[in-house]
Number of protein chains: 2
Amino acid sequence: MDYTDGYTLYTVSVGCQRKGGTMGSEQTPPGGGPSTFEFLWREGDRPRSSPGPRPGLSVTQVVMTAIAIADADGIDAVSMQQVAKRLQVTPMSLYRYVPSKKHLVEAMFDEASGAPPGLDAVPGGWQVRVEAWVTALWGRYQAHPWMLRAQVSQPIGPHQLAWFEALLAVLKDIGLTYEEMVSLALFLTGATQGLARISTDLARAAGEDDLIPFGEALAAVAHPDRFPTLSALRSAGTFDIPAGAYDIPAGAAGGATSTEPNLKFGLRQLIEGIEAHVAARAERG
Amino acid sequence: MDYTDGYTLYTVSVGCQRKGGTMGSEQTPPGGGPSTFEFLWREGDRPRSSPGPRPGLSVTQVVMTAIAIADADGIDAVSMQQVAKRLQVTPMSLYRYVPSKKHLVEAMFDEASGAPPGLDAVPGGWQVRVEAWVTALWGRYQAHPWMLRAQVSQPIGPHQLAWFEALLAVLKDIGLTYEEMVSLALFLTGATQGLARISTDLARAAGEDDLIPFGEALAAVAHPDRFPTLSALRSAGTFDIPAGAYDIPAGAAGGATSTEPNLKFGLRQLIEGIEAHVAARAERG
DNA sequence: GCCATCAGTATAGTCCATATACAGTTCCCG
DNA sequence: CGGGAACTGTATATGGACTATACTGATGGC
């Protein structure tokens with residue numbers, strides 16, 4: 001169910017730009033276009049054989065190009081003009097495919113999320129599967145760090161729901177209530193994303209020149225009186241960058257990225273807690 | 001150590017705008033101004049009795065005004081022009097106090113973080129203190145939801161370090177290694193922030209008109225074949241909004257906000273896992 | 001062959017961040 | 001006490017962003 005369409009045009013299913021300019025203005029939809037949700041779930045090609053010239057691009061092409069720019073130069077480098085330039089069209093023509101930049105960014109996020117890993121084949125218990133899921137998500141963020149800075153309003157795209165589904169499926173029969181399953185799934189998603197964000201920030205600080213590595217910053221201001229614990233940890237070298245632990249793999253091909261140690265530790269303890277929780281419940285009844 | 005200064009001017013300590021226009025351009029600092037770090041740790045008033053008119057504003061005033069705008073209308077509403085308008089000055093005059101909008105946003109984030117809670121007074125073990133810390137941080141995010149969307153590059157402001165210190169102090173003597181302490185602290189920070197982000201997104205979707213509530217979105221697309229678990233949960237009503245669970249408290253005074261159930265569940269299991277971890281280690285020797 | 005439909009474009013409006021130059025104010029120092 | 005250095009706030013201008021609007025052609029059904 002990948003969007004490998006050649007001519008998927010959201011305009012057909014939901015309508016985008018106002019038609020002729022001679023029409024009254026009461027035709028504008030209230031929200032200024034389709035909702036993000038409608039756009040992300042847009043479907044189907046334009047019915048073959050309708051009047052007018054064939055479109056030269058596709059939604060997917062626009063989204064992919066934007067992703068390529070974000071991968072290379074960050075989310076801030078993604079502008080309608082940049083995307084248009086890469087596609088050799090004028091900026092305005094993009095609006096034939098994408099209702100607004102906001103919609104584009106949401107589509108970028110969903111598209112970059114990709115398909116979740118197939119976890120049925122993973123040998124071992126649910127614990128291993130959960131870890132595999134988290135690691136895979138972590139990998140997506142490593143491959144597309146801009147995802148952690150993009151402004152997305154809701155996780156309701158097809159790929160995002162597929163990730164959610166995959167995790168819930170793993171958690172389904174381990175002895176949790178429905179509410180607990182959802183809580184845990186949200187927690188895991190949030191924790192992975194939140195920690196990924198922090199980690200890439202720390203990594204960027206260690207690499208870019210106009211930022212300052214965390215340990216260095218601490219050395220400058222972490223006075224033992226005001227920050228005793230931080231001071232102690234810094235003195236012990238805990239914040240010295242552990243040689244590549246914070247590496248961001250170059251390019252977008254970071255498939256097999258190892259889970260970052262900070263994530264792994266918290267995740268292990270969390271899983272252990274869940275194990276105890278369900279074991280206790282099983283015992284009680 | 002709160003920035004209640006009346007005339008704190010970062011220009012004194014680090015220099016900001018180029019001086020006269022007649023000078024050569026080789027004076028521009030490489031990064032285009034002071035680093036975020038230097039700016040956040042700017043200190044001290046301008047030495048009393050220096051030539052030139054007294055400044056009419058202060059850094060803190062500018063930052064607070066920006067925060068007020070963000071609280072009211074979101075981070076996107078914060079522009080130099082808006083801030084200037086509120087302060088009844090021209091946009092350019094803000095640059096006497098703030099090197100760039102980026103710096104302003106970072107300062108907003110640190111300022112809005114506020115001081116961490118005093119945890120020494122909290123009765124109970126480290127578990128209770130950790131929960132209190134997380135709840136307090138959660139409260140900050142509820143009070144200033146824009147913090148979850150603001151682009152901050154590094155957690156190195158004074159307040160942010162204070163929060164980090166407070167958490168590490170709690171974790172200091174419970175039987176973890178230094179590396180584990182840091183991992184756990186980062187994990188907790190990331191998890192809280194990540195889940196807060198997701199939760200406010202879900203809450204916003206339930207409230208704003210141009211967004212669609214999660215349950216509704218699911219109902220539209222979650223076919224049992226493609227999303228079996230999601231479907232089942234939805235049918236069971238698990239995604240029906242549990243009456244106010246996702247409320248965002250109005251205004252910025254959300255001090256005593258209750259921790260959101262999704263967060264609490266994950267946190268409890270995590271803490272339990274840590275307990276087991278340190279207990280096992282203690283037993284081994 | 002008419003014409004509704006549609007793709008791509010050109011233009012322009014509005015907002016944004018900010019570089020640059022300048023006018024007016026204040027205090028130090030001679 | 002007066003000149004000059006330092007400093008604040010402003011005016012102006014540049015370049016970029018998103019996108020509304022109106023247009024030019026191209027296409028295919030009737």
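Source: prediction; values computed, not measured. Excluded from the calculations below are hydrogen atoms, water molecules and symmetry mates; all remaining heavy atoms, backbone and side chain alike, are included.
Interatomic distance, B/H159 NE2 to B/F109 CZ, rounded to the nearest 0.5 Å: 12.5 Å.
When the nearest nucleotides of DNA chain D are assigned to B/L94 and B/G52 by heavy-atom distance, the more 5′-ward of the two goes with B/G52. The residue among B/S79 and B/P51 whose nearest nucleotide of DNA chain C is located toward the 5' end is B/S79.
The phosphate of D/dT10 (OP1 or OP2) has no side-chain N or O of B/R96 nearer than 4.0 angstrom. A/S93 has no side-chain polar atom (N or O) that falls below the 4.0 Å cut-off from OP1 or OP2 of C/dA7. The side chain of A/T90 contributes an N or O atom lying less than 4.0 Å from OP1 or OP2 of C/dT9. Phosphate contact (OP1/OP2 of D/dC18, side-chain N/O of A/Q81, threshold under 4.0 Å): present. Regarding contacts with the backbone of C/dG8, a side-chain N or O of A/Y97 is found under 4.0 angstrom from either OP1 or OP2.
The nearest whole Å value for the distance from the CE atom in A/M92 to the C1' atom in D/dG25 is 18 Å. Atom pair B/Q88:CD and D/dG9:P shows a separation of 13 Å (rounding to whole Å applied). Going from atom NZ of A/K85 over to atom C1' of C/dT9 covers 17 Å, rounded to whole Å. Between the C1' atom of C/dT9 and the CG atom of A/L57 lies a distance of 13 Å, rounded to the nearest Å. Between A/Y95 atom OH and C/dA10 atom P there is a gap of 16 Å when expressed in whole angstrom units. Atom-to-atom, CE of B/M80 to C1' of D/dT14 comes out at 17 Å; the value is rounded to the nearest Å. Between the NZ atom of A/K101 and the C1' atom of D/dG16 there is a distance of 11 Å, given to the nearest Å. A straight line from CG of B/D76 to P of C/dA17 spans 11 Å, rounded to a whole angstrom.
Among all heavy-atom pairs drawn from B/Q61 and B/L57, the shortest one is OE1-CD2, 3.3 Å. Nearest heavy atom pair, residue B/L148 against residue B/Q193, reads CD2-O, 3.6 Å.
Remark: A/S50 pairs with A/R46 by the side chain to side chain donor-acceptor pair (under 3.5 Å) rule, at least two apart or across chains. Under the rule for a side chain to side chain contact (heavy atoms under 4.5 Å, CB included), the partners of B/A112 that lie at least two apart in sequence or sit in another chain are B/I67, B/H144, B/W146, B/M147.
Relative to the side chain of B/S50, the nucleotides D/dC7, D/dT27, C/dT9 differ in distance, and D/dC7 lies closest.
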